[in-house]
2 protein chains.
Amino acid sequence: MLDIKITKTTAPKEKPKGNLGFGRIFTDHMFVMDYTQGVGWHDPRIVPYQDLTLSPAAMVFHYGQEMFEGLKAYKGDDGANYLFRPDMNAKRTNDTNDRLCIPRVPEEDYVQAVKAIVSVDQDWIPTAPGTSLYIRPFIIATEPFLGVDVSQTFQFIIILSPSGAYYESGLEPVGIWIEDDYVRAVRGGMGFAKTGGNYAASLAAQVKAHDDGYSQVLWLDGVERKYIEEVGAMNIFFKIDGKVVTPMLNGSILPGITRNSVLQLCRDWGLPTEERKISVEELIQAQKEGKLEEVFGTGTAAVISPVGKLRYKDDVMVIGNGEIGPLSQKLYDTVTGIQLGRLEDKFGWRVRVD
Amino acid sequence: MLDIKITKTTAPKEKPKGNLGFGRIFTDHMFVMDYTQGVGWHDPRIVPYQDLTLSPAAMVFHYGQEMFEGLKAYKGDDGANYLFRPDMNAKRTNDTNDRLCIPRVPEEDYVQAVKAIVSVDQDWIPTAPGTSLYIRPFIIATEPFLGVDVSQTFQFIIILSPSGAYYESGLEPVGIWIEDDYVRAVRGGMGFAKTGGNYAASLAAQVKAHDDGYSQVLWLDGVERKYIEEVGAMNIFFKIDGKVVTPMLNGSILPGITRNSVLQLCRDWGLPTEERKISVEELIQAQKEGKLEEVFGTGTAAVISPVGKLRYKDDVMVIGNGEIGPLSQKLYDTVTGIQLGRLEDKFGWRVRVD
Ligand SMILES: Cc1ncc(COP(=O)(O)O)c(C=O)c1O
Ligand SMILES: Cc1ncc(COP(=O)(O)O)c(C=O)c1O
């Protein structure tokens, strides 16, 4: 149990009006906790949202020892504030931390910190349909030292950003670029971890895809460049011949919390699911045979993102006439329904914040 | 040509005495230049060494869009200040920047900035044998935005750190751990770039190697895990049966400036050199046949680092009786001789700073 010291701002900002967009507006407060080797995590506190002051030699600027998470707080239909499976973000944080040699954060403390900061800034949770309060926990190495080594000090910070609806007017299919040149991660690397380097590695391909009119990149495995991995910030699912298929967790893709939830729901509904290797060839073949029924991405940002178009080299596959498949729609309605307290929370995924 | 504005400190620090160590002491000033999309690089300046103030949402903390370089200034035997091939660092910076979607820095401006900051703090160049002023240029993404995207603003900063002799008493052979589990980089990734994520990925293996008494990790390729790549912060060379052999630049290893210099020297001396794939198997075989004559690392920090012991799984190879080979010694004496103005600078590698 953390003893969180709270210092409230004396100059609250005006709440934003109109389209919130994503990731540019921040609330009045932030959570901060320090780590010092030999002492452990200490001084958990909520303070007015403010700049960080760091030595130019702080290791995060040089050696990328950093990690982040992303989750959301929702204003429920009943007026209550809800989080969605924050324990999973806490667990994933520690999996990332282990790979990056960042000290673990006790999972109860983590969830307590998220709840505490959301509670303090709960008036910032937007209420328009589809909007939410995006929660960004992150940890950075702060020791001022130029040797390549594990930092002896860290900061764990949580900032909050009210964000607009991902879809302005209902689900919208996106075009996805299957990247055949750049590689994001490889087994033995840190692909399963939520750390800056994986995203830095992805920018060049993203620019290329955007220039070509595709909204996201779908990565192939780094060894054979044949097997589907994941999208820039989503996991990917295929409905092939009645089966729900998604790449297995092989160490080079992020174990998405939405992915996990979608698999549980599909199983609960009696749909056959498979977590396994999927080659691009298999997709092209399934498409030719008319068996590639639906493709969708899963992630905290969009929940479900139907894919209408998949490009691989000179092949462009149009999926389900570029329309939204029934499974995609049902999953979207169910997950958001649970998040907003509209549907029964049969798996105990919803966490209330007062 | 940059118009660098210089603001000198009014409170110069005391120069350190005794063992300088590495990377913990910083000089009185730093170079800073800003980048804004649509404007380009602007406001080059030298200011008192100071903390950075950044939004907690600055992209460098989240998505690892960052790069760094490392070079040194030496006090020559003739009392002049010298840099070693700074144009190569400028060039490598832009190769890194291209991969990371960081804007290029004109190479003349880059070298001018390095010379300017070293000139201002030239009294900080230590003079004891083996010591030098370590120069750390780096670039970080500073836009406060949580979307995974290319930052629209950056800072290019150069800090300086007087550093002690790498070898207290002459060259000393090190033990190297060939890593067979973790992977640092893969072709298509960003292994050739000098960016934080590559070093973050390397920490876990480094901890393992240190715990086992080895000073550095030697990485294998990420695809077949068979071919030698490079050491944590050095390139690696083998003298096998009279030939000087080093892994080719395949996109997943850093093109070291010391590596390049060593190859030029060996060729100049008429030694046969090969840049190619080298498998662990080949090394084990060469060792068995008594043909593995020397192994050494090359890098700015140590210049030449003789390897006395190589561990691969259950195999421990002792190289040259754990002693320093004649080629390692000759290369060390030659490169440091050129750096310090002790030897003729036949390739034009030395750059004077007044
Ligand atoms: C690389 C990557 N894959 C997948 C996901 C989806 O994970 P989650 O469902 O936990 O949001 C994300 C986004 O968070 C991501 O960044
Ligand atoms: C990964 C890596 N390889 C090789 C080197 C050696 O490069 P250089 O000789 O330019 O210092 C370094 C250090 O700078 C490095 O970090």
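Naming: A, B, ... by sequence-line order, numbering from 1 per chain.
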At a 4.5 Å cut-off on heavy atoms, which part of B/L52 comes close to chain A: side chain, backbone, both, or neither? both
Bottom line for B/L54: the part with an atom under 4.5 Å from chain A's heavy atoms is both
When you check the gap from the basic side-chain N to the acidic O, do B/R184 and B/E179 get nearer than 4.0 Å? no
Answer yes or no: is there a side-chain heavy-atom contact under 4.5 Å between A/P56 and B/F26? no
Centroid-to-centroid, A/F156 to A/F31, below 6.0 Å? yes
B/Q50 versus chain A, the contacting section by heavy-atom distance below 4.5 Å: backbone
Is it the backbone or the side chain of A/L203 that comes under 4.5 Å from a heavy atom of chain B, or both, or neither? both
Could you look at B/A201 and say if it's the side chain, the backbone, both or neither that has a heavy atom under 4.5 Å from chain A? both
Salt bridge flag under 4.0 Å for residues B/R104 and B/D98: yes
Interface residue of largest heavy-atom contact number with chain B, from A/G188, A/G64, A/P144, under 4.5 Å: A/G188
Tell me which of these, B/Q206, B/R99, B/H210, has more heavy-atom pairs under 4.5 Å with chain A than the rest. B/R99
Side chain, backbone, both or neither: which part of A/A204 has a non-hydrogen atom closer than 4.5 Å to chain B? both
Among B/F68, B/Y63, B/Y199, B/Y182, who wins on heavy-atom pairs under 4.5 Å with chain A? B/Y63
Considering only heavy atoms from C-beta outward, does the side chain of A/F192 approach that of A/S252 to under 4.5 Å? no
Whether A/R92 and A/E69 form a salt bridge (side-chain N of Lys/Arg under 4.0 Å from carboxylate O of Asp/Glu) is what I want to check. yes
Could you go step by step and tell me if B/T9 and B/H29 meet the side-chain contact (heavy atoms from CB on, under 4.5 Å) rule? CA-CA 7 Å; B/T9 182; B/H29 299 90; 3.6 Å; yes
Top of B/D221, B/D149, B/I102 for chain A proximity - count of heavy-atom pairs under 4.5 angstrom: B/D149
Relative to chain B, which segment of A/V150 carries a heavy atom at a distance below 4.5 Å: side chain, backbone, both, or neither? both
Tell me which of these, B/H62, B/R187, B/K194, has more heavy-atom pairs under 4.5 Å with chain A than the rest. B/H62
For the candidates B/A193, B/A185, B/G189, B/G23, which exhibits the highest count of non-hydrogen atom pairs separated by less than 4.5 Å from chain A? B/G23
Looking at B/G196, B/A141, B/S161, B/G197, which makes the most heavy-atom pairs under 4.5 Å with chain A? B/G196
Polar contact flag, side-chain donor to acceptor under 3.5 angstrom, B/Q37-B/T153: no
Could you state the interatomic distance from CD (B/E66) to CE (B/M59), rounded to the nearest 0.5 Å? 13.0 Å
Among A/I139, A/T53, A/N198, single out the residue with the greatest number of heavy-atom pairs under 4.5 Å to chain B. A/T53
Between B/F22 and B/Y166, ring centroids under 6.0 Å: no
